[in-house]
Amino acid sequence: MVYKSNPLKEIFHPKVAFAQLREAERVKNVTIVVLLLLFFNVVLSLLRAYFGIGTEELTKHLDRYTGEQFAFLQLLFAFGHALGGLCVPLLFLFISSIIFYLLFDIDFVKLLTIQLPILLIFLLEDLVLFPFQLFFGVKNLFSPFSLGVWGPYITKHAFIWALLRTVSVFSIWAISIQIIALRSLTEKSVQRITMIVIAVYLFFGFIISNIYKISI
């Protein structure tokens with residue numbers, strides 16, 4: 001049986017999709033889907049840069065630069081956004097797949113496949129957040145879909161704000177899909193799978209929180 005990677009099917013009909021993946025002898029379209037998701041991530045990152053989202057620190061010091069210097073800084077900013085839109089999903093895709101490969105007896109290509117709907121969910125989160133950033137100036141750290149909005153009311157520590165930002169409606173959705181996927185592909189108990197998945201997401205959450213903290 002050949003399984004064709006389809007992240008949309010996997011996030012809306014996960015039990016059916018991952019049951020088919022479990023029985024599959026070969027998986028197709030993984031590379032194509034990865035490239036498409038990376039392409040849309042890079043495009044969205046460039047759109048953020050084009051509209052100046054996240055350039056607040058640059059504009060604060062606008063008087064320090066000539067027009068040419070500021071244009072060059074904007075170009076570097078856009079390049080950095082595009083690079084982030086390419087590298088961050090790739091790192092998540094491969095590092096998480098390697099961790100799960102070491103912990104579960106599952107084919108590595110199938111592990112890559114079940115990470116693709118997770119990448120799509122986070123891409124959807126960025127797409128939904130984009131209008132809020134563009135029209136209302138909402139910072140990524142204080143997404144209305146995450147606990148990050150409560151950060152300033154709870155503590156003054158920027159790291160805690162950033163950590164709360166990683167807990168969102170979309171991240172809970174992603175974790176749920178991940179648990180269903182791994183439960184379908186392995187005989188491990190749902191409790192053990194849940195603990196491992198949450199631990200992996202906490203690992204990435206701490207890394208992302210430190211990045212956000214630096215950018216505040």
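Under the 3.5 Å distance criterion, the side-chain polar atoms of Thr186 are left unmatched by any main-chain donor or acceptor of Leu182. Side chain of Thr113 to main chain of Ser5: no donor-acceptor pair is present (N/O by atom type, distance under 3.5 Å, no hydrogens or angles). Under the 3.5 Å distance criterion, the side-chain polar atoms of Trp161 are matched with a main-chain donor or acceptor of Thr155. The closest donor-acceptor contact from the side chain of Glu10 to the backbone of Asn6 lies under 3.5 Å. The main-chain N or O of Arg22 is found under 3.5 Å from a side-chain atom of Lys110 such that the two form a donor-acceptor pair.
Rounding to the nearest 0.5 Å places CZ of Phe40 at 10.0 Å from CG of Leu120. Here Ile177 contributes atom CD1 and Ile114 contributes atom CD1; the two are 11.0 Å apart, rounded to the nearest 0.5 Å.
Applying the 6.0 Å contact sphere to OH of Tyr101 captures no more than 12 heavy atoms from other residues, nucleotides or ligands. Residue-environment remark: NZ (Lys9) exceeds the threshold of 12 foreign heavy atoms within 6.0 Å.
In the hydrophobic clustering of this structure, Leu35 does not group with Leu123; members are Ile, Leu, Val, Met, Phe, Trp, Tyr whose side-chain heavy atoms approach within less than 4.5 Å, directly or through other members. When hydrophobic clusters are built by joining Ile, Leu, Val, Met, Phe, Trp and Tyr residues whose side-chain heavy atoms come closer than 4.5 Å, directly or via intermediates, Val42 is not grouped with Leu83.
Test Ile193, Ile106, Ile196, Ile95 against Phe100 for side chain to side chain contact (heavy atoms under 4.5 Å, CB included) and you get one pass: Ile196. For the pairing with Leu116, the side chain to side chain contact (heavy atoms under 4.5 Å, CB included) check across Asn29, Ile11, Leu37 returns one residue only, Leu37.
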Test log, rule side-chain hydrogen bond (donor to acceptor under 3.5 Å, both in side chains), inputs Ser96 and Gln115
CA-CA 8 Å; Ser96 57; Gln115 296 305 97; 2.6 Å; yes
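Taking 4.0 Å as the cut-off between side-chain N and carboxylate O, Glu125 and Arg165 count as a salt-bridged pair.
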